[in-house]
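I have placed the structure first, in the form of structure tokens, so that the comments after it can refer back to it.
Bear in mind that the values here come from a model prediction, so they are computed numbers and not experimental data.
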Amino acid sequence: LYLERLLERPRHVEIQVVADGHGVTTHLGERECSVQRRHQKLIEETPSPAVDPDLRARMGEAAVRAARSVGYVGAGTVEFLLAPDGQFYFLEMNTRIPVEHPITEMVYAVDLVREQLRIADRQRMSVAAQPLTPRGHAIECRITSEDPFNAFLPATGRVDYLHVPGGPGIRWDAGIETGCEIGLHYDPLLAKLIVWGPGRDQTIQRMARALDELVIAGVATSQPFHRRVMAEPSFRSGRYDIGYMDEVGAALLLREADRADAELVAIAAALAEHRRRQVPVARSEAVTSDGVSPWVKAARLGALRWPR
């Protein structure tokens, strides 16, 4: 008989640790990873809305002790489940650079990939031995080739057009470009959209704007889902846990599908009414032999010549 503690409504919070071969091990704060589907993270942010400086220090100390206890060297992530009462429990350790490392880099101004290479070269890491203080807030959205309105089923196709958002605090880490083919033989992660801001509210606003500016034509992606999350009240308030997708995410997708269906119905009704109101136009001298007005032809020709 195997028993383990049941945690109700926990959050998935991980601590970034870095250790070199010269006896220095430290941490770079936490990342909130509770927005996930089937244990696959969809959105990450740092600092966590549920972690204050005292809790950050205690979780960071536990992560550093875990890394030191096994003589770990390199960049790694110690993952915890955080209960509503503030108690946290060890989940696992990932002995590698994580997908979501850019948000830590933007908040702590540390190039984790560079530090990992320095450590591999037997150099001392340049990160301070003492824990650093987070500066601002950062959020990462994983843009995947999955259709959120079709149960997140894998999507394939060709990237016909790609427009990447820009502006202050915007970072785009991607493996796609216009013209590339998206198949089924690799991980669905296409890109990571990372946004930094001086505070959480400003960061959410910047992320919403960046998601609106992002254009990936030719293949379905998770972008619409991320856009909806940025406007969802429980996410904006920071009061969410690992049950977010079950409790809120599915409803977001249903509402979007309903709205899309309603829009299609409205468009179809408008087209039907337009056709009903159309009446045969009497031919006159102002209409050429092919039935098209010279004014219409001139407008079409101008549209073709006018630079866009």
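Inspection of the H27 and Q16 side chains reveals no N or O donor paired with an N or O acceptor under 3.5 Å.
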Review item, side-chain donor-acceptor pairs of residues 243-251, under 3.5 Å, at least two apart:
from : atom 1 : to   : atom 2 : distance (Å)
Y244 : OH     : E232 : OE1    : 3.0
E247 : OE1    : R9   : NH2    : 3.1
E247 : OE2    : R9   : NH1    : 2.9

Could you pull out every donor-acceptor pair under 3.5 Å between side chains of residues 101-110 and any protein atom, sequence neighbours left out?
from : atom 1 : to   : atom 2 : distance (Å)
H101 : ND1    : P98  : O      : 2.8
T104 : OG1    : R31  : NH1    : 2.7
E105 : OE1    : R171 : NH1    : 2.9
E105 : OE1    : R171 : NH2    : 3.2
E105 : OE2    : L112 : N      : 2.8

Please tabulate, one pair per line, all N/O donor-acceptor pairs under 3.5 Å involving side-chain atoms of residues 157-165, not counting sequence neighbours.
from : atom 1 : to   : atom 2 : distance (Å)
R158 : NH1    : D160 : OD1    : 3.0

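In this structure, CD1 in I182 is found 11.0 Å from OG1 in T144, a value given to the nearest 0.5 Å. Atoms OG and OH, on S234 and Y240 in that order, are 9.5 Å from each other to the nearest 0.5 Å. Atom SG of C33 is separated from atom CG of L42 by 11.0 Å, given to the nearest 0.5 angstrom. In this structure, CD on Q123 lies 9.5 Å from CG on L117, to the nearest 0.5 angstrom. Annotation: the span from Q223 atom CD to D212 atom CG amounts to 8.0 Å, rounded to 0.5 Å. To the nearest 0.5 Å, atom CZ of residue R142 and atom CG of residue D187 are 8.5 Å apart.
Hydrophobic cluster of L184: no remaining members, since no ILVMFWY side chain lies below 4.5 Å from it.
Scanning both residues, L193 and M207, for their nearest heavy atoms gives O-CE, 3.4 Å. The nearest pair of heavy atoms linking A67 to V17 is CB-CG2, 4.5 Å. C141 approaches I43 most closely through the heavy-atom pair SG-CG1, 4.2 Å. In terms of heavy-atom proximity, H137 sits nearest to P47 at CE1-O, 2.9 Å. Across all non-hydrogen atoms, the minimal contact from L132 to A128 is CD2-CB, 3.9 Å. What you find for V18 and M125 is that their closest heavy atoms are CG1-SD, 3.3 Å.
In this structure, the side chain to side chain contact (heavy atoms under 4.5 Å, CB included) partners of R5, at least two apart in sequence or on a different chain, are L7, Y89. The side chain to side chain contact (heavy atoms under 4.5 Å, CB included) search around A220 returns D147, A155, not counting sequence neighbours. A search for ring-ring contact (aromatic ring centres under 6.0 Å, His included) contacts involving F152 returns F225, not counting sequence neighbours. Taking the side chain to side chain contact (heavy atoms under 4.5 Å, CB included) definition, one finds that A62 meets it with F80, F88, sequence neighbours left out. With sequence neighbours excluded, the residues that form a side chain to side chain contact (heavy atoms under 4.5 Å, CB included) with R114 are D111, R118, S126. The salt bridge (Lys or Arg N to Asp or Glu O under 4.0 Å) search around R37 returns none, not counting sequence neighbours.
Between H12 and L91 the shortest side-chain heavy-atom distance falls below 4.5 Å. Looking at T95 and Y72, their side chains come closer than 4.5 Å, going by heavy atoms from C-beta outward. Side-chain atoms of E115 and V113, non-hydrogen and from C-beta on, never get closer than 4.5 Å to each other. Here the side chains of E32 and R11 are in contact, with some heavy-atom distance below 4.5 Å. Annotation: side chain of L82 is not in contact with side chain of D241 (no heavy-atom distance under 4.5 Å). Counting heavy atoms from C-beta outward, T46 and L28 have side chains that stay 4.5 Å or more apart. Within the 4.5 Å cutoff, the side chain of P188 has no heavy atoms near those of the Q40 side chain. Put simply, the side chain of S145 does not reach to within 4.5 Å of the side chain of T221, judged on heavy atoms.
Both I139 and L211 sit in one connected hydrophobic cluster of ILVMFWY residues. Membership requires side-chain heavy atoms under 4.5 Å apart, directly or through other members. Follow the hydrophobic side-chain contacts under 4.5 Å out from Y186 and you never reach I176; the two are in separate clusters. Linking ILVMFWY side-chain heavy atoms closer than 4.5 Å, directly or via other members, places F149 and I143 in a single hydrophobic cluster. Hydrophobic clustering of Ile, Leu, Val, Met, Phe, Trp and Tyr side chains at less than 4.5 Å, counting indirect connections, keeps L189 apart from W172. Hydrophobic clustering (side-chain heavy atoms under 4.5 Å, transitive across Ile, Leu, Val, Met, Phe, Trp, Tyr) groups I170 together with L214.
Pairs engaging residues 188-210 under the salt bridge (charged side-chain N to carboxylate O under 4.0 Å, His left out) rule: E45-R200, R209-E213 [sequence neighbours left out]. Among pairs with a residue in residues 68-87, those fulfilling salt bridge (charged side-chain N to carboxylate O under 4.0 Å, His left out) read K41-E79, at least two apart in sequence or across chains.
Judged by distance alone, with hydrogens and angles left aside, the side-chain atoms of D20 form a donor-acceptor pair with the main-chain N or O of H22 at under 3.5 Å. In this structure, E140 contributes its side chain and I194 its backbone to no donor-acceptor pair below 3.5 Å.
Residue Q130 qualifies as open at atom CD: its count of foreign heavy atoms under 6.0 Å is 12 or below.
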- request: Take I204 and R236 through the test side chain to side chain contact (heavy atoms under 4.5 Å, CB included) and record every step on the way to the result.
  value: CA-CA 8 Å; I204 292 176; R236 293 184 68 90; 3.3 Å; yes
- Message: Evaluate R58 against D54 for salt bridge (charged side-chain N to carboxylate O under 4.0 Å, His left out), listing each step before the verdict.
- Response: CA-CA 6 Å; R58 291 190 289 117; D54 177 67; 3.4 Å; yes
